[in-house]
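What you see below is based on every heavy atom in this structure, not just the backbone, and it leaves out hydrogens, waters and symmetry mates. Lettering follows sequence order; numbering is per chain, from 1.
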Amino acid sequence: MDMNYLTTLKLHINGEYRPVVFATHHTLLEVLREECGLTGTKHGCELGECGTCTILVDGRPVLSCLVLAADMEGKRIETVEGMQHGNELHPLQAAFADLGAAQCGYCTPGILMTAKALIAENPKPRPAEISEALAGNLCRCTGYHKIVEGVEWAAAKMRGEEGTPPEKVFYGSPVPDPHPPAPLSRPLPPPSPGEGGDR
Amino acid sequence: MLRLPQFRYIRARSLAEAGAVLTGEGAAEGEIVRLVAGGTDLWPNLKRRNQKAQTVVSVMSIPGLSGIHANGEVRIGATTLLDDVARHPAVRQRFPAFATAVHSISSPPLRNMGTIGGNLCVDTRCTYYNQTEEWRRSIDYCMKEEGTICWVATSSPRCWAHTASDSAPMACALGARARLVSAQGERAIPVENLFRDDGIDYLAKRPDEILTDLLLPVEAASDRCGTAFWKLRRRGSIDFAVLSAAAALWTDPAGAITRARLYLGAVSSAPLAVPEAESLLVGKTPTPDLLAEAAKLARKAATPMDNTDFQTQWRGAMVQRYTEAALREAAGLPVERLAPKHELFGGVTTAAPSPLSG
Amino acid sequence: MANPLRKPEPEPQREPNIIGKPFRRVDGRAKVTGATRFADDLAFPRMCFARLVRSTVPHAIIVSIDFSEAEKVPGYLGALTGEEVPIPFGILPVSQDEHALCPDRVRFVGDPVVAVAAVTEDAAYEAALRVKIEYAPLPTISSVEEALATPEPRIHDYGDHGNIHKVVSMTFGEVEKGFAEADEIFEDVFFYEGNTHLPMEQHSAVAVPEDDDRVTLYSSTQTPHYVHRALSKVLELPASRIRVVACSNGGGFGGKSDPFNHEIVVAKLALKLGRPVKITLSREEVFYCHRGRHPVLMAVKTGIKKDGTITAQRLRTALDGGAYGSYGVASTYYTGALQTVTYKLPAYEFQGVRAFTNKPPCGPKRGHGTPQPRFGFEVHLDKIAVALGKNPADLRLGMLAEPDTVTANWLKIGSMGLRQCIEAVVAGSGFRERWGQLPEGRGLGLACGSYLCGAGLPIYWNHMPQSGVMLKLDRSGGVAVFCGESEIGQGSDSILAAVVAEVLGVALGDIRLCVADTDLTPVDLGSYSSRVTLMVGNAALQAAERARELIAQAVSQQLEVPQSRLVFAERRVFDAEEPDKGLTFQDAVIATEARFGTLATTGSYIPPRSPGRYRGAGVGPSPAYSYTASVVEVEVDPLTGLWNPVHVWIAHDVGKSLNPVLVLGQVEGSVYMGLGEVMMEEQAFRRLPRHLSNALVHKHPSILEYKSPTFLDMPPVTTYLIEDPDPQGPFGAKEVGQGPLLPIMPAVANAIWDAVGVRVDQVPIHPHMVLRALEAKTKGHEPRFGPKRFPDVDFGENLIVPTPEQGGDGKAINDYKETLRAGMRSASGTMMSREEALKKKKLGALTT
Ligand SMILES: Cc1cc2nc3c(=O)[nH]c(=O)nc-3n(C[C@H](O)[C@H](O)[C@H](O)COP(=O)(O)OP(=O)(O)OC[C@H]3O[C@@H](n4cnc5c(N)ncnc54)[C@H](O)[C@@H]3O)c2cc1C
Ligand code: SF4
Ligand code: FES
Ligand code: FES
C-alpha cells in the first residue's frame with residue numbers, strides 16, 4: 001500500500017494507549033476489529049443504518065462505521081471490551097445477561113454503549129427516554145422490552161437502589177381470571193395501557 | 001464489510017487551507033476533491049460508490065467553525081453537531097420548530113456525528129440512486145450518476161432526486177441566511193438561495209465555497225411568529241423524511257397574518273416554497289378553513305415522485321394533511337386526530353412531551 | 001461395564017433446581033462482554049478474503065467472464081468459477097438445484113457467478129468490481145401469474161411443469177358434502193407479501209485448510225450438519241475430511257438454515273489457495289441469500305353451521321418461490337398443513353402451487369409457510385364471527401380442536417392449551433367488554449395460532465436420530481456435553497446445559513459445552529423448525545439419565561443405600577431418607593469411574609412415527625404443537641390511514657417453561673417480528689419499463705429502506721405463559737421460538753376492522769390501503785383493500801385421503817405411485833438410497 005495513504009496514531013481505547021498503523025481510509029470500526037483485535041464491536045450495514053457498531057467517543061455514542069480512525073487523535077474511545085471492572089460485569093452487562101436483554105447478542109455491544117452514555121447523562125431514565133436514546137439501534141431478536149427493562153434495572157443499581165425487578169419480568173404477567181365479571185352495560189373508556197402498565 | 005475506497009485525506013486547519021485544497025493543483029487537473037464534515041452523508045455515498053473522490057478535505061478541525069452564538073440572531077457554526085443544535089437552550093427557546101426539525105434527523109448516534117452544515121448540503125436522495133455500485137449496474141445506472149435515463153420519469157430531461165435535509169425547509173421557512181466563504185471572499189445569502197431544484201446540481205453555491213454559518217433571524221424568534229415542523233416517515237427514528245412541512249406565520253396584534261412562509265421537504269429536489277399558499281394567508285385571520293385551503297394549494301404545488309418510501313399517491317394526499325397540521329400548529333390551533341400518529345411516525349411533535357420540551 | 005441402556009431407576013421426587021427458574025443464560029456473560037466469537041470475529045494467520053461477483057441481470061446465459069482488470073488489483077490472489085464447482089446442491093434431496101457458482105446461467109440479480117480472493121477485503125472488493133461478465137438475456141418472470149402464463153423458457157429444467165416448481169392437492173374427508181351441509185359459505189382471498197429475516201449479523205464464513213485434503217469451515221449457520229453434507233457433495237471429499245463448526249449466530253430466524261454458495265466457495269478456495277479464506281457478506285448480499293417468507297396468494301372457502309361448527313374448508317395457496325428450490329417444496333406443503341390443529345375441520349381440501357421466479361429464493365422464515373395461511377384463516381374467522389353475530393372469541397372457543405386427537409389430515413395433537421390462551425388474552429384485554437365498543441379509531445382484534453415442536457421427519461430420509469447428545473464425566477466433577485445443536489440466540493445452549501445439570505443435580509457452572517462441531521459432536525439436525533428444545537432436550541435427558549444411572553449404581557454400592565433412594569441435587573448424591581449420608585458429585589463420579597472405567601453416555605432422539613401415510617404426510621407431523629392467542633389494540637387515523645399498535649396481549653402454551661426469561665424473550669421477539677411484518681417489512685422487487693430495460697431488481701436491499709421496527713415503534717406487550725405440559729417434551733416443554741409470531745398479523749388486521757370498519761386482506765397493511773378502503777366505504781363500496789381473485793391453476797387430481805373419522809388408515813386411496821413408494825415408506829425401515837430414488841425420479845421424502 002502506498003505510504004501516503006497510511007496513518008500512524010496512538011489511539012486511546014478503554015483507558016489504554018495503543019499505537020496503530022492503518023490505511024487512512026479505514027473506519028474506526030475496521031481498525032478496532034482488524035488492527036486492535038477488539039472484535040466486540042459488531043457491524044450490520046456499515047452505512048450508519050443499524051446502530052450495531054455504536055461505540056463511545058469522548059463519552060458520546062457514535063457509529064464507528066462512519067468515523068475515520070484517522071480522526072481519533074486525542075479522543076477517548078470506549079468499546080464494550082472496556083465495560084467491565086476487573087472481572088466484574090458492569091451493572092448494565094449483568095442486567096442484560098440476567099433479564100434476557102441479549103439473545104443472539106449481536107446488537108448488544110452497541111446497545112450497551114448507547115445505554116451507558118444515556119445513564120451517565122440521565123441516571124434515572126424513564127422507559128420512554130430509554131427508547132428514545134436507543135432508537136438508532138436495531139435489534140431483531142428481543143422485541144426491545146427486555147432491553148428497556150435491563151437499562152432501567154441497571155440504572156437503579158447504579159443509583160445504589162436495592163431490590164429486584166418485578167416478577168413479571170421473569171415469569172410473565174399473572175394469568176388473569178378467565179371468568180371476568182359480567183359485561184358492563186355501557187362501554188368502558190379506552191384504557192391507556194402504556195402508562196405504568198405492563199411492558 | 002462495505003468499505004471506503006482509498007483517498008487522500010486532509011484535515012484542514014483553516015478555511016484558507018481547505019479552500020486551497022478545493023481549488024488547488026489536484027482539482028485543477030480534474031481530481032475530484034470533496035469536503036467532509038461529519039461524514040454521515042459522504043462516507044455512505046463513497047462506500048456505495050455513489051460519489052467519488054481522490055481527495056477529501058475535512059472541515060472538522062477548523063477552529064471557530066463550530067458553536068452556537070446567540071445575540072439577537074442565532075448563529076450556528078457549520079460544524080456544530082446536530083445534537084448540540086437540537087439541545088441548545090437558545091435554539092429551543094427561540095426557534096422550537098427548528099430544534100424539532102433538527103431533532104427529527106436520522107437517529108441519536110447519527111446526530112452526534114452529523115453537522116448542521118452537512119445537513120444543509122446533504123445529497124439529494126432517490127431509491128434508484130442510494131444503492132450499491134453493483135445494484136446500480138443492474139439498472140444500468142441513472143442520470144444522476146453515469147447513466148442517461150431517469151428511472152423515476154423516463155422521459156424526463158432532469159433528475160428528480162428529492163431534497164433530504166430536515167433542517168433546510170425549516171431554515172427556509174424561518175427566513176434564515178447562510179454564510180459562504182471562499183478564496184474570493186464571503187457572502188451571506190437567504191438559505192433558500194442555497195438550493196436549486198435539480199436532483200444532480202442541487203446546490204447553488206460554487207464548489208469552492210464553504211458553508212460557515214447558518215443565521216437564524218430575530219424576526220422568527222418573536223412572540224408574533226408561530227412555527228411548526230411536521231415530518232412524515234415510516235419509523236420513529238432513523239428514517240429520512242418522505243415528506244415534511246415547515247411553516248412560520250407572523251400575526252399582528254389583531255391576529256391577522258402579516259407574513260407567511262411555508263416550505264415542503266422531500267417532495268422536490270429543493271425545499272419547495274408555496275407562494276400561492278403564502279399569499280392566500282397574508283392579511284387574513286388563520287381560521288381552520290383558511291388553513292385547509294392553503295394546505296390544498298400545497299398539495300397542488302408538490303410533485304412527490306416514486307423514489308422513496310410509501311405509495312406516491314398517498315404521499316401526495318399526505319402533503320395536504322401534513323401541511324394543514326403544520327399550519328394549524330403554527331397558528332396555535334389544536335391539531336386533533338393526527339397528533340398521536342405524528343408522534344409515532346415523526347417522533348418530533350412539540351405538542352407531546354419529548355426530551356426537547358421536557 | 002453396566003448396561004447403560006437399562007431403564008434408569010426412578011429418582012425420588014424432588015423439586016427442580018434449575019428447570020423453570022429464570023437463570024442467566026450460559027452464554028450470557030460472553031454476549032455482554034463482546035467475548036462471543038461470531039464467524040466474522042475469527043482471524044487466522046495468512047487469512048485472505050473472498051468476494052462473490054453476483055449477477056447484475058435477472059435471467060441470462062453467461063457468455064464470457066473477463067478477469068484481466070481484476071488481476072491488476074494489488075493483492076489479487078485468484079478466482080473461482082462455476083466450472084470448478086460443477087456439482088449441484090440444495091437443502092432438500094428433491095431440489096438439488098443450486099450451484100456454488102453459476103456454471104452457465106444466472107437466475108436472479110444476486111446469483112453468484114464467480115468468486116475472487118485477495119490479501120485484503122478492500123482488494124477483494126475492488127477486484128470483484130473489475131470482473132467483467134457478459135450476459136445474453138432471457139425473458140424474466142416476476143410473479144406466480146407470470147410463471148403460469150410463461151411455461152417457456154423454463155428457469156429450471158425440473159419441477160412439475162413449465163415454471164411451476166410444485167403442485168400439491170389433497171382432500172381429506174368429504175369436502176363437497178361438508179359445503180352442502182353448511183348453513184353458510186364464506187369465501188375470501190388474501191395476499192401476504194414476502195419479507196426477510198434481516199438478522200443483524202451478516203452471514204460470514206471462514207475456511208481453514210489442513211493437510212492436503214482436509215478443511216474446516218467456521219460459519220454463521222443454523223444447520224452445520226446440512227452444510228457438512230453439501231460440502232462433502234460439492235467438494236467431492238469424504239465427510240470425514242470436512243469439519244463444520246457453527247459459530248454463534250447473530251440472529252437466524254431461518255435465514256441461515258440452507259447451505260449457501262459462499263460457504264462452499266470459501267472451502268473450495270481455501271483448498272485451492274492453501275490458506276484460510278474468509279467471506280463476510282454485505283448487507284445487500286444478505287437480501288440476496290434471502291430464503292425468507294414466500295409471497296403467498298390465498299383463497300379460503302369455509303362452510304359453517306349457524307352454531308359455529310365448521311363443516312368443511314378448502315384452502316388454495318400460490319407461492320412465489322424465487323429462483324431456486326430451497327425448502328420450497330416443504331414450504332408449499334406447510335401453507336396447508338397446520339390449518340387443522342387449532343380448530344376442528346372435519347373435511348379439508350388443500351391445493352398449493354409454487355412457482356419459480358427470477359428473484360432471490362424464498363424459504364423458511366419464523367413460522368415457515370404457516371403465517372400466511374394463518375393470517376388468512378384468522379381474518380376469515382373474524383369475518384365469519386361478525387357475519388354470524390358472534391363474539392370472535394366465543395366462535396373460536398366453540399370450535400377448538402381437542403387434545404389427544406388425530407386431525408383430518410392425520411396430525412396427532414397432544415397437549416392443547418389454546419383454550420387457556422384465548423381465555424387469558426380475552427380477560428387481560430377486556431376483549432369481551434371492549435370489542436366492538438371502542439370509539440371510532442380504536443379497535444381490538446383477536447387471533448390464534450399453532451406451531452410445530454420440530455418436524456416429525458428429517459430433511460433427508462433416514463432412520464438415525466434427529467438429535468444426539470454425548471456426555472463425558474470424569475474425576476474433575478465436571479460434565480462435558482457434546483451436541484451438534486447450534487446457538488442462534490434462542491438459548492439452545494442454555495437448555496442443553498440446564499437439562500443435563502438438572503438431571504445430575506449439578507450447577508450450570510459444572511457443565512462445559514461443546515456444540516455445533518461436526519468433528520466433535522454427535523449430529524443434531526440444526527436450529528430450525530422449533531425442534532431444538534424438544535429434540536435436543538430429550539436427547540440430553542436420555543444421556544443424563546444414563547449417566548445418573550451409572551453413578552447411582554456405583555454410589556449405591558459404596559454407601560450401601562438402595563439406588564431408588566438416591567437423590568442428585570446440590571452437587572451431591574445422597575440418601576433421600578438420610579440426607580447427610582452422601583457423596584459430593586465429584587466423589588460420586590470418582591466412585592463411578594473407579595467402578596466402570598472411563599465415563600461417557602449418549603442420548604438420542606427420534607420423534608414418534610406419525611399416523612399419516614399419504615404422499616406429503618411428511619410435512620406437518622410433530623411430536624407436539626404449541627398454541628398461542630393474541631389480542632392487539634390499535635389506533636387508526638381515518639384521515640390518513642396511519643395506524644399503530646397500542647398494546648399487545650399474548651398468551652403462549654409452551655408446555656413447560658424450562659427458563660421463563662428465555663421463553664418471554666422468544667414471545668416478545670416474535671411479537672416484534674410479527675408487528676414488523678404487518679406494519680412495514682416487505683421484500684419487494686421492481687421492474688424497469690420493459691421497452692428500456694430487462695432489469696428486475698430488489699427494490700431496496702438495505703437495512704435503511706427494508707423497514708424494521710425501532711425501539712419507538714414497539715408497543716407495550718403483556719405476556720402470559722400458559723403451561724400445559726406435553727408428555728413428548730423434556731419436562732413437558734414445547735416450542736416458543738416461532739408460534740407466538742403467528743397470531744400477530746391477523747390480530748392487527750382484525751383490530752383495524754374493529755377500529756374503522758374496513759378490511760385490509762393483505763400484509764403488510766400500509767396506510768394507503770386503509771385509506772383506500774375507507775374511501776371505498778364512504779362511497780358505499782365494499783370496505784376492503786386486498787386481492788380480488790386467485791389465479792386459475794390446474795392442480796391435477798387431488799389425492800384422496802379418508803380421515804380418521806371416516807375410518808381411514810392414513811393412506812391415500814388413489815395414489816397410483818404408492819406401490820412404488822412403499823419401499824421408502826414402509827415401517828420396516830428399508831429405504832432406497834438417495835441416488836436410487838433420484839434415478840427412479842420418485843422424489844418425495846422431504847420435510848423440514
Ligand atoms: C441512516 C441515516 C439516516 C439519515 N436520516 C436523515 C434524516 O432523517 N434527515 C436528514 O436531514 N438527514 C439524514 N441523514 C443524512 C445525514 O446524516 C445528515 O444530513 C447530516 O446532517 C449530514 O451532515 P454531515 O456533517 O455528516 O455531512 P457530510 O457527510 O460531512 O457532508 C454532506 C455533504 O455536505 C458537504 N458539506 C459538509 N459540510 C460542508 C460545509 N461546511 N460547506 C460546504 N459543504 C459541506 C459535503 O461535501 C457533502 O457533500 C441520514 C443519514 C443516514 C446515514
Ligand atoms: S430521480 Fe431519476 S435521475 Fe435522479 S437519482 Fe432518481 S432515477 Fe436517478
Ligand atoms: S454497522 Fe450499521 S450503523 Fe454502523
Ligand atoms: S439480541 Fe439479536 S439482534 Fe439484538
Side-chain angles (χ1 to χ4, degrees), chain B residues 1-6 44 47-49 106-108 125 127-128 130-140 142 148-149 151 154-155 232-240 306 308-315 317-318 320-322 324-325 336-347, chain C residues 40 53-58 109-110 120-122 125-126 128-129 202 280 282-285 441 635-646 679-680 686 688-689 691-705 707-715 766-769 771-772:
Chain B
M1 266 198 262
L2 201 55
R3 289 166 193 261
L4 286 166
Q6 185 172 288
K47 284 186 176 188
R48 289 185 301 240
R49 310 295 199 257
S106 61
S107 69
R125 293 184 67 82
T127 37
Y128 291 91
N130 298 106
Q131 303 275 5
T132 64
E133 171 73 20
E134 295 96 319
W135 189 96
R136 283 176 288 127
R137 280 184 189 176
S138 66
I139 60 160
D140 226 351
C142 73
T148 50
I149 298 178
W151 295 113
T154 48
S155 52
L232 172 67
R233 60 173 161 188
R234 181 74 68 155
R235 301 177 287 181
S237 182
I238 306 177
D239 291 338
F240 282 90
D306 184 16
T308 179
D309 192 19
F310 286 122
Q311 196 219 28
T312 312
Q313 259 183 319
W314 180 80
R315 267 173 72 220
M318 289 309 108
Q320 186 178 337
R321 298 280 174 222
Y322 272 65
E324 188 176 342
E336 292 138 13
R337 311 204 81 141
L338 272 165
K341 320 302 177 304
H342 176 53
E343 189 190 2
L344 179 78
F345 289 90
Chain C
D40 190 43
V53 181
R54 294 177 181 267
S55 170
T56 52
V57 296
V109 171
T120 63
E121 203 181 21
D122 294 73
Y125 184 55
E126 290 303 329
L129 286 181
Q202 300 129 317
T280 302
S282 68
R283 177 54 63 186
E284 179 184 10
E285 291 180 280
E635 59 179 353
V636 185
D637 176 16
L639 287 180
T640 59
L642 288 167
W643 62 272
N644 65 73
V646 178
M679 291 166 79
M680 52 182 86
R686 76 174 3 138
L688 297 184
H691 61 287
L692 294 171
S693 166
N694 198 36
L696 168 53
V697 290
H698 193 298
K699 242 180 168 176
H700 41 228
S702 77
I703 222 168
L704 174 64
E705 294 301 333
K707 305 296 181 187
S708 67
T710 70
F711 272 85
L712 295 175
D713 306 300
M714 188 64 189
H766 292 302
H768 76 265
M769 300 173 178
L771 199 58
R772 283 268 295 280

Handout entry: Residue part contacting chain C, namely of B:Gln131, when any heavy atom lies under 4.5 Å
Key = side chain

Handout entry: B:Trp151 side-chain N/O to C:Pro689 backbone N/O, donor-acceptor pair under 3.5 Å
Key = no

Problem - Interface moiety of B:Arg136 toward chain C, non-hydrogen atoms closer than 4.5 Å - result: neither

Exercise for the section: Output the option from C:Val57, C:Asp122, C:Asn694 having the highest count of non-hydrogen pairs under 4.5 Å with chain B. Expected result: C:Asp122

Handout entry: Contact winner vs chain C - B:Leu2, B:Thr132, B:Asn130, heavy-atom pairs under 4.5 Å
Key = B:Thr132

Completion exercise
On a heavy-atom basis, the closest approach of B:Trp314 and C:Leu642 is CH2-CD2, 3.8 Å

Problem - Closest contact, heavy atoms only, B:Arg125 versus C:Leu704 - result: NH2-CD2, 3.5 Å

Problem - Greatest number of heavy atom pairs closer than 4.5 Å to chain B - which of C:Glu705, C:Lys699, C:His700, C:His768 - result: C:His768

Exercise for the section: Decide if atom CZ of C:Arg772 counts as having more than 12 heavy atoms of other residues, nucleotides or ligands within a radius under 6.0 Å. Expected result: no

Practice task
For chain B, find which of C:Met769, C:Glu284, C:Gln202, C:Arg283 contributes the most heavy-atom pairs closer than 4.5 angstrom.
Solution key: C:Glu284

Practice task
Indicate the atoms forming the closest heavy-atom contact of B:Ser138 with C:Ala695, along with that distance.
Solution key: O-CB, 3.4 Å

Problem - Proximity breakdown for C:Pro767 and chain B, heavy-atom pairs closer than 4.5 Å - result: both

Problem - chain C contact via B:Leu4 - side chain, backbone, both or neither, heavy atoms under 4.5 Å - result: backbone

Problem - Heavy-atom side-chain proximity of C:Asp713 to B:Arg234 below 4.5 angstrom - result: no

Fill in the blank from the handout: Okay, C:Leu129 and chain B: the region with an atom under 4.5 Å from a heavy atom over there is both

Problem - Note, B:Gln311 side chain near C:His766 side chain (heavy atom, < 4.5 Å) - result: no

Completion exercise
Bottom line for C:Arg54: the part with an atom under 4.5 Å from chain B's heavy atoms is neither

Practice task
Could you look at C:Leu771 and say if it's the side chain, the backbone, both or neither that has a heavy atom under 4.5 Å from chain B?
Solution key: side chain

Exercise for the section: Compare all side-chain heavy atoms of C:Leu712 with those of B:Arg235 and state whether any distance is below 4.5 angstrom. Expected result: no

Fill in the blank from the handout: Under 4.5 Å to a heavy atom of chain B? For C:Ser708 that would be both

Exercise for the section: Kindly give the heavy-atom pair with the smallest separation between B:Lys47 and C:Tyr125, and that separation in Å. Expected result: O-OH, 4.3 Å

Handout entry: Contacts of type salt bridge (charged side-chain N to carboxylate O under 4.0 Å, His left out), residue B:Glu324, not counting sequence neighbours
Key = none

Completion exercise
Among C:Thr280, C:Leu692, C:Val53, the residue with the most heavy-atom pairs under 4.5 Å to chain B is C:Leu692

Handout entry: Heavy-atom donor-acceptor pair, B:Arg321 side chain to C:Thr640 backbone, under 3.5 Å
Key = no

Problem - B:Asp306 with C:Arg686: basic N within carboxylate O range, under 4.0 Å - result: yes

Completion exercise
Ranked by heavy-atom pairs below 4.5 Å to chain B, first place among C:Ser702, C:Gly110, C:Pro709, C:Pro701 goes to C:Pro701

